[in-house]
Amino acid sequence: MERLLRVCDDMIGELERQNLAGGEGISGALRLRLMLLCASAPDQFLHRAHAPRTPTDAIDLLFEIQENLFDTRRRRTTKLAPGWWLDPPAEPGS
């Protein structure tokens with residue numbers, strides 16, 4: 001999951017630079033990387049890999065993927081974290 005988040009960050013940076021330079025389209029190589037990322041992300045993003053037409057659209061999609069990954073990571077962490085700070089310790093012999 002951390003690797004997917006890093007890939008998203010790298011692609012967002014690349015797309016932002018392209019957008020600032022006035023680029024209106026998405027290169028074939030970048031589109032391929034976006035498709036591969038969407039195939040590695042949760043299923044709901046797979047069908048959207050071809051949709052972005054502009055760098056801004058692609059950045060929006062990447063932000064959605066990141067949000068989903070952060071939510072998934074938070075749920076896993078919360079599920080695994082014990083609630084020791086909420087439960088008083090058991091008394092010996094009880």
Side-chain angles (χ1 to χ4, degrees):
M1 183 167 315
E2 298 303 317
R3 184 169 176 257
L4 289 175
L5 288 168
R6 279 194 307 276
V7 169
C8 284
D9 283 340
D10 291 345
M11 290 180 70
I12 288 168
E14 187 174 337
L15 286 161
E16 285 175 339
R17 287 187 296 278
Q18 182 180 344
N19 200 27
L20 289 172
E24 295 181 12
I26 300 172
S27 70
L30 194 53
R31 186 171 299 281
L32 177 61
R33 288 175 39 217
L34 184 59
M35 288 174 20
L36 292 171
L37 175 67
C38 287
S40 301
D43 292 341
Q44 73 236 35
F45 297 105
L46 184 56
H47 70 282
R48 298 181 52 199
H50 296 287
R53 302 224 183 272
T54 66
T56 303
D57 291 340
I59 289 169
D60 290 343
L61 175 59
L62 288 165
F63 282 145
E64 287 181 49
I65 292 171
Q66 279 187 324
E67 180 180 14
N68 184 280
L69 292 170
F70 284 129
D71 286 346
T72 300
R73 182 173 68 180
R74 187 180 65 250
R75 281 192 308 273
R76 285 183 183 169
T77 303
T78 303
K79 185 184 280 188
L80 296 176
W84 58 267
W85 60 90
L86 298 174
D87 302 323
E91 293 293 324
S94 57

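Fair warning: this is a prediction, and the values are worked out from it, not measured in the lab.
- By the side-chain hydrogen bond (donor to acceptor under 3.5 Å, both in side chains) test, E2 is found to be paired with R73, residues two or more places apart in sequence or in another chain being considered.
- E16 is linked by a side-chain hydrogen bond (donor to acceptor under 3.5 Å, both in side chains) to nothing, counting only residues two or more places apart in sequence or in another chain.
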Atom pairs and distances, side-chain donor-acceptor, residues 56-64, under 3.5 Å, sequence neighbours left out:
{"unit_1": "T56", "atom_1": "OG1", "unit_2": "N19", "atom_2": "ND2", "d": "3.3"}
{"unit_1": "D57", "atom_1": "OD2", "unit_2": "T54", "atom_2": "OG1", "d": "3.3"}
{"unit_1": "E64", "atom_1": "OE1", "unit_2": "R48", "atom_2": "NH1", "d": "2.8"}
{"unit_1": "E64", "atom_1": "OE1", "unit_2": "R48", "atom_2": "NH2", "d": "3.2"}
{"unit_1": "E64", "atom_1": "OE2", "unit_2": "R48", "atom_2": "NH2", "d": "3.1"}

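- Listed for the R31 side chain is no donor-acceptor partner under 3.5 Å among the backbone atoms of S27.
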Checklist entry - Checking salt bridge (Lys or Arg N to Asp or Glu O under 4.0 Å) for the pair R74/D71: CA distance, chi angles, key distance, verdict? => result CA-CA 5 Å; R74 187 180 65 250; D71 286 346; 3.1 Å; yes
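- Between E24 and R53, no side-chain nitrogen of the basic residue sits less than 4.0 Å from a carboxylate oxygen of the acidic one, so the salt-bridge criterion is not met.
- Counting only heavy atoms from C-beta outward, the side chains of R33 and V7 never approach each other to under 4.5 Å.
- In this structure, SG in C8 is found 6.0 Å from CG in L69, a value given to the nearest 0.5 Å.
- Taken to the nearest 0.5 Å, the CG atom of L15 stands 4.5 Å off from the CG atom of L30.
- Rounding to the nearest 0.5 angstrom, the gap separating the CG atom in L37 from the CD atom in Q66 is 9.0 Å.
- Rounded to the nearest 0.5 Å, atoms CG (L4) and OG1 (T72) are 10.5 Å apart.
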